[in-house]
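We name chains A, B, ... by the order of the sequence lines, and we start the count at 1 in each one. Only this structure's heavy atoms are used, side chains among them; waters, hydrogens and symmetry mates stay out.
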Amino acid sequence: MRLVRNVEGRHVSGRIVEVEAYIGEEDSACHASRGKTPRNHLMFGPPGYAYIYFTYGMHWMLNVVTEGEGKPAAVLLRALEPEEGIDLMRAHRSGSSDRDLAAGPARLCQALRIDGSINGTDLVSGNDLFLEWVESSGGLMPIGRTRRIGIHYAARKDREALWRFVITGSPYVSRARPGTPRRRRKNGRGGNG
DNA sequence: CAGACGATTGCCT
DNA sequence: GGCAATCGTCTGT
């Protein structure tokens, strides 16, 4: 699908080329795994809405709420292939190469000017930020799957779940490496299998 | 109320 | 590969 952002009447958009799934309270990598809180409450609501949160003191992340009301789940949008409004993306991310404009979940939000002010947006019938089908002319895109990135804190079964999905061969996918711990534990037990 | 830490990035060696 | 940036959120007391 395509993600479209309306910035003062102009469309900034791209094809989604990388996502991760976070599913239910049993998924220890999912924000909902420790119950409903003020931050994550949107995940417990109906599907089709944006769950946007702030992390690392500087970055925004965009999720699409999925599953039915009462079952908390969401898809983290991690990378786009830029389409419309590339000049605006460049302006939002000065210094970035075109390839890296939206290659990463925080970069994607920067490029499309997405932040907490549009948390809870209706992504199906909204106007500020929405999803639309990509008319596929060349058949289905090849989908690859890997472990999710940056979830060293999760239980092994959840670290190992193949819930990151990418368009195989796309140069616009983030170059983070699944299974590489970003932060080592004090006792040095690194690695991920 | 203090303390720990994060679904990351950019710059450094 | 290492590490600082930077602050909201959650936990335990």
TODO: Take the protein atom CZ of Phe165(A) and the nucleotide atom C1' of dA7(B), then report the distance between them rounded to whole Å.
DONE: 15 Å
Open item on the list: So for atom NE2, which belongs to His11(A), do other residues, nucleotides or ligands contribute more than 12 heavy atoms lying within a distance under 6.0 Å?
Closed with: yes
Task: Phosphate contact (dA4(B) OP1 or OP2) by Tyr153(A) side-chain N/O below 4.0 Å - done: no
TODO: Output the single nucleotide from dA7(B), dT11(C), dT8(B) whose closest atom is nearest the side chain of Arg34(A).
DONE: dT11(C)
Task: Out of dT9(C), dT9(B), dG6(B), whichever nucleotide has its closest atom nearest the side chain of Arg39(A) - done: dT9(C)
- [ ] Nearest whole angstrom, please: distance from the C1' of dG6(B) to the CD1 of Ile151(A).
- [x] 13 Å
Task: Euclidean distance, atom NZ of residue Lys36(A) to atom P of dT11(C) [Å, nearest integer] - done: 16 Å
Open item on the list: If you compare every side-chain N and O of His59(A) against the phosphate oxygens of dG6(B) (OP1, OP2), does one of them come in below 4.0 Å?
Closed with: no
Open item on the list: With a cut-off of less than 4.0 Å, is there a side-chain N or O of His152(A) near OP1 or OP2 of dG6(B)?
Closed with: yes
Open item on the list: Expressed as a whole number of angstroms, how long is the span from Asn119(A):CG to dT9(C):P?
Closed with: 10 Å
Task: Crowding at OH, Tyr49(A) (>12 non-hydrogen neighbours, <6.0 Å) - done: no
Open item on the list: Taking any heavy-atom pair under 4.0 Å as a contact, classify Met61(A): base, sugar-phosphate, or nothing.
Closed with: sugar-phosphate
Task: Atom pair distance, as rounded to whole Å: CG in Asn63(A) and P in dT8(B) - done: 11 Å
Open item on the list: For a quick check of understanding: with a heavy-atom distance under 4.0 Å over all strands, which category does Leu76(A) fall into, base, sugar-phosphate or nothing?
Closed with: base
Open item on the list: Does any part of the side chain of Phe44(A), heavy atoms only, come nearer than 4.5 Å to the side chain of Glu69(A), both counted from C-beta?
Closed with: no
Open item on the list: Considering every strand and a 4.0 Å limit on heavy-atom distances, what is the contact class for Ala106(A): base, sugar-phosphate, or nothing?
Closed with: sugar-phosphate
Open item on the list: The side chain of Tyr51(A) is closest to which nucleotide in this list: dT6(C), dA7(B), dC10(C)?
Closed with: dA7(B)
TODO: Kindly say if Arg107(A) contacts the phosphate of dG10(B), meaning a side-chain N or O under 4.0 Å from OP1 or OP2.
DONE: yes
Task: Separation of dT9(C) P from Tyr56(A) OH (nearest whole Å) - done: 16 Å
- [ ] Report yes if the side chains of Leu112(A) and Leu80(A) come closer than 4.5 Å at any heavy-atom pair, otherwise no.
- [x] yes
Task: salt bridge (Lys or Arg N to Asp or Glu O under 4.0 Å) partners for Arg10(A), two or more places apart - done: Asp87(A)
Task: Pairwise C1' distance for dC5(B) and dC3(C), with rounding to whole Å - done: 16 Å
Task: Whole-Å gap separating C1' (dG10(B)) and CG (Leu101(A)) - done: 15 Å
Open item on the list: So, taking the atom named OG in Ser174(A) and the one named CZ in Arg78(A), what distance separates them when rounded to the nearest 0.5 Å?
Closed with: 4.5 Å
Task: Under the 3.5 Å Watson-Crick or G-U criterion, the dot-bracket string of DNA chain C, with | for inter-strand pairs - done: |||||.||||||.
- [ ] Return no unless some side-chain N or O of Thr55(A) is found under 4.0 Å from OP1 or OP2 of dT8(B).
- [x] no
Task: Phosphate contact (dT8(B) OP1 or OP2) by Arg78(A) side-chain N/O below 4.0 Å - done: yes
- [ ] In whole angstrom, give the distance that lies between atom CZ of Phe54(A) and atom C1' of dC5(B).
- [x] 14 Å
Task: Distance under 6.0 Å and angle within 45° of ring axis: Arg148(A) vs Tyr22(A) - done: yes
TODO: Report yes if the distance between the aromatic ring centroids of His31(A) and Tyr53(A) is under 6.0 Å, otherwise no.
DONE: yes
